[in-house]
Amino acid sequence: MKASIAMPDSPSSLWSTVRSVGAFNVACSFAALWAFVKVIRILRWRFRTTQLRGPPRTSFIYGVSNDLVSSKDSATMYEHWAQEYGVAYMIPSVLGQTRIVLSDPRAIAHFYARESWTYVQTPLSLTLIENLVGRGVLWSQGESHRRQRKALTPAFSNAAIRKLTSVFYDSAYKVKSAWDADLQSSKDGNAVIEVQNWMNHVSLDTIGIAGFSHDFGSLDGKHASVTEVFDTFGSKPKVSAINKVLFLLASAFPIVTKIPNSRVKLTKKLNATMGEISNDLLVRSRREKQAEEEKSIIGLLIKAENQDAELRMSEDEVLAQMKVLLLAGYETTSISLTWALIELSRHPDVQTRLREELLTFGADPTYDQLKANLPYLDAVVHEILRLHPPVVEFSRVARVDDVIPLSEPVCTGSGKMTDSISIAKGSLFVIPIEAINRSLAIWGPHAKEFKPDRWLTEDGISGKAKEVQGHRHMLTFVDGPRTCLGKDFALAEFKAVLSVLVKNFVYEMRDGPDTQVEIARGILPRPRVVGEDSIGVPLRVRRYE
């Protein structure tokens, strides 16, 4: 006689059955299944991925991630490992993860050529970007990224930027007027000015007018809610131990970024504030039908909302683009301008030579003249961008298996030499932008020095650096399908503003040429004079007579 098993005939009886088996046993079953799947994935990854050498794990939980996050100079750590283990190596990461670091120009060119399709954003990157600005061009991948990028491209053409050059100069001359007033009231003709705050306001007002036909008025002293939130990001000099642990664990469990803490709350507030501003600007522009005849950012976004548009974007995508452009326009250029004033204060000979070129040229250069007629300005700007890229590294994950070629062989973990590495789906990558931009092996013995002259002679850039396929052999603007869309806009703004500030003022470090500068954690890493609160960069400024 066969035994029969009574099947539950209702949700309540099913729940009774589960309870009889025991919640603990059910949880153990799910945990066992999760562990089994994880083991299979790890075995597949180990079988299909070339196992490279790399630094030993310094923490059972964090690998070397805590060392990198805690370091004042992670670029030097990456470079040291490249010297020891080769141009491609593996580093142990959080909770048993392994990341492949590429420091080889040929490998990086291969990587960038396939970005957005073969190599995509990590789950953590997607979560952080969505939390901050939504699902815009920065978040999207593959065909969605191609569509959104193509819709925005006309706003960043040479013709479009040429028309915006006067906006860059207007912002620069507002700073000049304010500083002239400060110097006029000083007793000895010089004043200590916190320049980073001013560069932030230059960048915000410029992107507001150039991108959205809206003047935030921060250079005129007007209060803007978005300025307050942006500035708050850099006002906390130290990261708490708990927040640091959550940040490290987030690479393995992105859901951790949802746990409320001061930074998460600030991120939500910034997203909401930028969203409100973007929506207000969009509604006003729709009503006034502004910029429809122009290929402006706001005009293109309104056009892309049309149901019949070839490159149609949803309203959420349109608002996300506006938030991305506000954030990028505020952060990156202001950081670069601040670093420029720091380096010119540290190197008065470079500052003098740049001023002489600008004064000899005479009137404010046009867009085309900024690009082609001021070689030393161009050299100074690119040397700043090489040494101090606003984004110092980024991570990606392989969506499919791949084989990456190398320009020179590396030694594998088993001791064999190989000139290519096999990659399994799911492999995590790091491209250490700052380390590569400053690499002695790539840029030569003076790689870490501020030497604008390297951009002025044929042999100023070493042969290895010429193999790097980014803009002017740097990775500052990355490369491939996700090359920075606003590159030419940023370069023109950087040059225009710097030309006005250098022609009219002389800069020194407030506490002398040996003043130490450290990195503060804002939305992006920012310079800060050691001992200052927030993101303070006080310089001694006087008029050039």
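Values in this document were obtained by computation on a predicted structure and should not be read as measured data.
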Would you say the side chain of [Y] lies within less than 4.5 Å of the side chain of [X], judging by non-hydrogen atoms?
X      : Y      : answer
Glu115 : Arg396 : yes
Met474 : Val468 : no
Leu358 : Val502 : yes
Leu325 : Phe212 : yes
Leu501 : Lys176 : no
Ile436 : Tyr78  : no
Pro538 : Ile193 : no
Tyr376 : Val350 : yes

(message) Counting the benzene-type ring for Trp, do His214 and Phe216 have ring centres under 6.0 Å apart?
(response)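 For His214 and Phe216, the ring centres are under 6.0 Å apart.
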(request) Decide if the gap between the ring center of Tyr507 and the ring center of Tyr544 is smaller than 6.0 angstrom. (result) no
(request) Evaluate the ring-ring contact (aromatic ring centres under 6.0 Å, His included) criterion for residues Phe168 and Phe489: first the C-alpha distance (whole Å), next the side-chain angles of each, then the deciding distance (0.1 Å), finally the verdict. (result) CA-CA 10 Å; Phe168 305 150; Phe489 180 102; 5.2 Å; yes
In plain terms, say whether [X] and [Y] are close enough for a salt bridge, that is, a side-chain N and a carboxylate O under 4.0 Å apart.
X      : Y      : value
Arg526 : Glu331 : yes
Glu356 : Arg353 : no
Arg454 : Glu383 : yes
Lys222 : Asp205 : no
Asp67  : Arg57  : no

(message) Under the criterion salt bridge (charged side-chain N to carboxylate O under 4.0 Å, His left out), I'd like the reasoning laid out for Lys503 against Asp364: C-alpha separation, chi angles, the key distance, then a yes or no.
(response) CA-CA 10 Å; Lys503 272 199 300 187; Asp364 291 331; 3.0 Å; yes
[Y] ring centre to [X] NZ or CZ under 6.0 Å, with the angle to the axis within 45°?
X      : Y      : value
Arg521 : Phe247 : yes
Arg542 : Phe505 : no
Arg386 : Trp443 : yes

(request) Hey, could you give me the OH/CG distance between Tyr173 and Asn504, rounded to the nearest 0.5 Å? (result)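 Atom-to-atom, Tyr173:OH and Asn504:CG are 6.0 Å apart.
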(request) Test side chain to side chain contact (heavy atoms under 4.5 Å, CB included) on Trp198 and Trp179 and set out the steps. (result) CA-CA 10 Å; Trp198 282 99; Trp179 290 3; 3.5 Å; yes
Considering non-hydrogen atoms only, spot the tightest contact between [X] and [Y] and give its length.
X      : Y      : result
Tyr89  : Arg53  : CB-O, 3.2 Å
Ile404 : Ala107 : CG2-CB, 3.6 Å
Leu344 : Gln351 : O-NE2, 2.9 Å

(request) Classify the ring geometry between Trp455 and His382 as parallel (under 30°), tilted (30 to 60°) or perpendicular (over 60°). (result) tilted
Examine the side chains of [X] and [Y] and answer whether a donor and an acceptor come within less than 3.5 Å of each other.
X      : Y      : value
Asn271 : Lys323 : yes
Ser203 : Thr333 : no
His388 : Glu343 : yes

(request) Please lay out, stage by stage, how Asp378 and Arg472 fare under the test salt bridge (charged side-chain N to carboxylate O under 4.0 Å, His left out). (result) CA-CA 11 Å; Asp378 184 77; Arg472 300 289 285 271; 2.9 Å; yes
(request) Flag yes if more than 12 heavy atoms outside Lys268 fall under 6.0 Å of its NZ atom; otherwise flag no. (result) no
